[in-house]
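A short write-up of the structure that comes next.
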Amino acid sequence: MQSARTVSLTDLYERALLIRRAEEAVVDQYAEQNRLLVEKKPLTHAIKCPTHMSIGQEAAAAAIGFALTPDDVIFSTHRCHGHYLGKGGNLRAMMAELFGKETGCSRGKGGSMHLVDGAMGMLGSSAIVAGSVPLAVGAALSFQLRGLANVAMPCLGDGAVEQGLFTEALNFSALRKLPVVFLVENNFYATLSHVESRQTVPIPDRGRLFGMPSVCVEGSNLMKVYEAMQELVQYARSGRGPALLEVQAYRWLSHVGTEPDTGRMRRTADELRAWQAKCPIDAAERELRDRGAGEIVESVKARVSRDIAEALVFAKESEPPMVRAMFEDLHAESQR
Amino acid sequence: MSRVLSFADAISEATCQALERDASVFVMGVGVDDSGGIFGTTNEAYARFGDARVFDTPISEQLTTGAAIGAALCGMRPILVHARNDFLLLTLDQIANHAAKWSYMSGGRLKCPIVIRGIIGRGWGQAAQHSQSLHAVVAHFPGLHVLMPSCARDAKGLLLAALEGDTPTVIIEHRWSYGLREEVPAEYFVEPIGKARVARVGADCTVVAASFMVTEALRAADQAAALGIDLEVIDLRTIRPWDVETVCASVRKTGRLIVADPGWGHFGLASEVSAVVAEREFSSLRAAVRRIALPDVPTPCAPVLEAAYYPVAADVLRVARELCGAELAALQSHFVASDATANGHAKPFAGAF
Ligand SMILES: Cc1ncc(C[n+]2csc(CCOP(=O)(O)OP(=O)(O)O)c2C)c(N)n1
Ligand SMILES: [Mg+2]
């Protein structure tokens, strides 16, 4: 069993910034594409899939790669860019996937909603709300059956809590004392529907009902989110059973797409501003600068920008799949 | 009176008229109250009838399906809406083990007239879980009606018919049909369930199609006419029960059959229609029945793959020419793959949902 590394704020900052900048690159790419579309110019390299951005919600995703070991596994949702990169997923393969290229993490088959990096323990993303939650329970079951001290983490949104499967997953994993840490990112909305109009109890109460440690933290402080996650992961890893972590953070952009949705339904400009003022990345940067680590901040920024620029070039220069690839991969080759 | 309406507006109008006429009708589903209003089909109903009768639900489709059944057993007529028919797979137990069987298992003493609407997504990399055409899955179960309108008039008339009937009904709509416009009667009316519509009369070859494949088949028929091939296009409209008589009568006339199915070929609608026609009209057939369906893989995301994935008018035309024995070399196909702009969307489809 690998024990978790000691983690510095710089590590968390870099991971969060990578996620932020990668998604900002997607936003920019979409703006550019839309300009070309309006001008009726051809789209040579384009992202042509629905993208669900997590800008504003990076704290939980950034913590994943540090609270978990590479052998631990996660599962994600339609909003999976952050989880994928957080777990250490390959940036180039992600960008290539968004551009629908053969070099993409799923050879262009899955697109933005289905990122996967088996080598990094990112075992896939389902765009069916709560669809991958039981898969994580099963992964944990396999760890227990094989005597491995690994942890499985289903990443889900506040909406997924409403599916019967979620409650079944809580019950089963508590019953079998499975090493699962349920990561519920509460961004207060499922599409445009506010959580208060969908649920009647705080999310951690659901975990407590099944006797598991259940904690809520705000996603505005990278280190605090990491520490909370780390503690629950250690609990699950020690064989005491599952745990639940709710991270509250706001999605700055619309449910799907790259524009803000301020003004729609309950989503007000005030609400957005209040959360932007609590940006976990800005806060970390301020803290690092206050500690006199301004140079480190600059070098992190430079590294992240360079990596993303490289990944974009890689994605754009990669070849699209051959049409016959459509018929491949239906039955994965045995890995044994 | 009738006026030109889009497919989406026709559904919206039918929903409002049903809510107006019948106090037992209500609408629920994830997002029915939001500003998108399920592609514009529920906004007006929500604005006019409010949250008591048109309401958002938690993301608990299995529960809401069962609750719709329970409400229907007690005299209500719920319309349950899913922004994608893929989400309906979660609820298959309630649909297949419960709704479809409640009448039968009660010796016909109980009825559950629920209407479930689910939408087929397509394009802009919707990928494997947001673009399936699941009509064959639901149509497998005795006890259900399964409807697939392809045009605005039927979208209204069939929804109203489903709400009048006592059979649990799944209506599967195609996202790309939403922008199609035609004359739709303004007043309340119903289209008969179980009756196909001859969308174009022809003599050489019958094309039985459903949902968006009707649009493709009609485009193919226009092109075929220029080549001297006269296609008869039958819009099935109702998948269960489907109109065997109309299809067989057409095949007796033309002697040739193509079935254009928006779903997969294996165990699907096209297979069912082909089998029944082969059983009933073997002696009328002058050539083997041909199926046009999706390739036998999930929907890929990458643009090049997605474009190659969907059968289009050109495929219908190619098969028609093969069946009718026309000179292949004579064809200079100038079809381009269908795109969203060509199929009723006002604006280029630039992403999002
Ligand atoms: C079973 C199912 N129902 C509905 C949808 C449509 N849908 C996609 S994302 C979403 C909202 C999910 O909200 P939440 O779980 O809070 O995740 P978030 O989008 O906020 O990250 C909905 C309703 C779906 N994909 N799957
Ligand atoms: Mg949410």
Side-chain angles (χ1 to χ4, degrees), chain A residues 30 33-34 37-38 40 43 46-51 78 97-102 104 106-114 126-131 157 159-165 190-193 197-199 254-259 261 264-265 320-323 325-330, chain B residues 29-38 51 55-66 83-84 86-91 93-94 121 123-132 294-309 339-341 347-353:
Chain A
Y30 254 96
Q33 286 175 204
N34 288 340
L37 267 177
V38 170
K40 297 207 178 344
L43 294 183
I47 299 180
K48 292 189 178 179
C49 54
T51 50
H78 54 287
E97 187 61 32
L98 300 190
F99 281 86
K101 299 301 179 72
E102 174 70 29
S106 41
R107 301 185 67 200
K109 298 274 171 51
S112 161
M113 297 194 286
H114 304 298
S126 173
I128 300 299
V129 171
V161 163
E162 293 148 18
Q163 293 284 21
L165 260 181
T191 313
L192 286 170
S193 185
S197 68
R198 296 180 285 113
Q199 296 174 25
S254 53
H255 168 71
V256 60
T258 54
E259 315 269 326
D261 61 357
R264 293 188 71 190
M265 310 276 287
M322 306 287 279
V323 168
M326 177 158 68
F327 298 97
E328 297 166 0
D329 305 323
L330 192 57
Chain B
V30 173
V32 297
D33 69 336
D34 84 24
S35 36
I38 314 287
D51 185 62
F55 53 88
D56 186 30
T57 67
I59 311 175
S60 309
E61 288 92 348
Q62 199 176 357
L63 177 279
T64 51
T65 306
R84 287 289 182 283
D86 312 64
F87 310 154
L88 170 162
L89 285 178
L90 282 78
T91 73
D93 168 62
Q94 288 299 323
W124 204 267
Q126 301 276 307
Q129 295 176 327
H130 276 63
S131 61
Q132 298 170 93
L294 295 175
D296 198 30
V297 288
T299 317
C301 179
V304 281
L305 300 184
E306 190 186 61
Y309 184 69
D339 64 40
T341 335
K347 282 181 291 181
F349 199 41
F353 205 42

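Note that this is a predicted model, so its numbers are computed, not measured. All heavy atoms count here, side chains included; hydrogens, waters and symmetry mates do not. Every chain is numbered from 1 and lettered A, B, ... according to where its sequence line falls, protein lines coming before strand lines.
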**Study point:** Contact origin within B:Leu89 toward chain A - heavy atom pairs under 4.5 Å
**Key:** neither
Review point. Which atom pair, heavy atoms only, marks the closest approach of A:Ala127 to B:His130?
Key: O-CE1, 3.1 Å
Practice item. Could you look at B:Leu305 and say if it's the side chain, the backbone, both or neither that has a heavy atom under 4.5 Å from chain A? Key: both
Revision key, fill the gap. Most heavy-atom pairs under 4.5 Å with chain A, out of B:Ala308, B:Ala302, B:Cys301, belong to B:Cys301
Revision key, fill the gap. With chain B, the option among A:Ile128, A:Leu98, A:Leu43, A:Thr191 that has the most non-hydrogen atom pairs under 4.5 Å is A:Ile128
Point to revise | Contact class of A:Ile47 relative to chain B, heavy atoms under 4.5 angstrom | key: backbone
Practice item. Flag the pair A:Ser193 / B:Asp34 as yes when at least one side-chain heavy-atom distance between them is below 4.5 Å, and no otherwise. Key: no
Exercise for review: Sort A:Ser254 into side chain, backbone, both or neither according to what part of it lies under 4.5 angstrom from a heavy atom of chain B.
Suggested key: neither
Exercise for review: Would you check if B:Glu61 and A:Val129 make a side-chain contact, meaning some heavy-atom pair closer than 4.5 Å?
Suggested key: no
Exercise for review: Nearest 0.5 Å please: distance from the CD atom of A:Gln163 over to the CD atom of B:Gln62.
Suggested key: 8.5 Å
Practice item. Please determine, among A:Ala325, A:Pro320, A:Ser197, A:Gly159, the option with the most heavy-atom pairs under 4.5 Å with chain B. Key: A:Gly159
Check your understanding: Given that the side chain runs from C-beta out, which part of B:Asp33 has a heavy atom under 4.5 Å from chain A: side chain, backbone, both or neither?
Key -> both
Check your understanding: Are any non-hydrogen side-chain atoms of A:Gln199 and B:Pro58 less than 4.5 angstrom apart?
Key -> no
Study note, to complete from the structure: Heaviest contributor of heavy-atom pairs below 4.5 Å to chain A, chosen from B:Gly36, B:Pro300, B:Ser60, is B:Ser60
Point to revise | Min side-chain heavy-atom separation A:His78-B:Gln129 under 4.5 Å | key: no
Exercise for review: Applying side chain to side chain donor-acceptor pair (under 3.5 Å), name anything that partners B:Glu306, two or more places apart in sequence or on another chain.
Suggested key: none
Practice item. Give the member of A:Met322, A:His114, A:Lys101, A:Arg198 that has the highest number of heavy-atom pairs under 4.5 Å with chain B. Key: A:His114
Point to revise | Contact winner vs chain B - A:Ser106, A:Ala46, A:Pro321, heavy-atom pairs under 4.5 Å | key: A:Pro321
Check your understanding: So which of B:Leu63, B:Asp86, B:Ile59, B:Asp296 has the biggest tally of heavy-atom pairs under 4.5 Å with chain A?
Key -> B:Ile59
**Study point:** chain B contact via A:Leu330 - which portion, at a heavy-atom distance below 4.5 Å
**Key:** side chain
Point to revise | Option in A:Val38, A:Leu165, A:Val323 with maximal non-hydrogen atom pairs under 4.5 Å from chain B | key: A:Val323
Check your understanding: Nearest 0.5 Å, what's the OG1-NZ distance between B:Thr299 and A:Lys109?
Key -> 12.0 Å
Practice item. Go through B:Thr57 and A:Glu162 one step at a time and tell me if the side-chain contact (heavy atoms from CB on, under 4.5 Å) criterion holds. Key: CA-CA 10 Å; B:Thr57 67; A:Glu162 293 148 18; over 6 Å; no
Practice item. Kindly give the heavy-atom pair with the smallest separation between B:Pro295 and A:Phe327, and that separation in Å. Key: CB-CE2, 3.6 Å
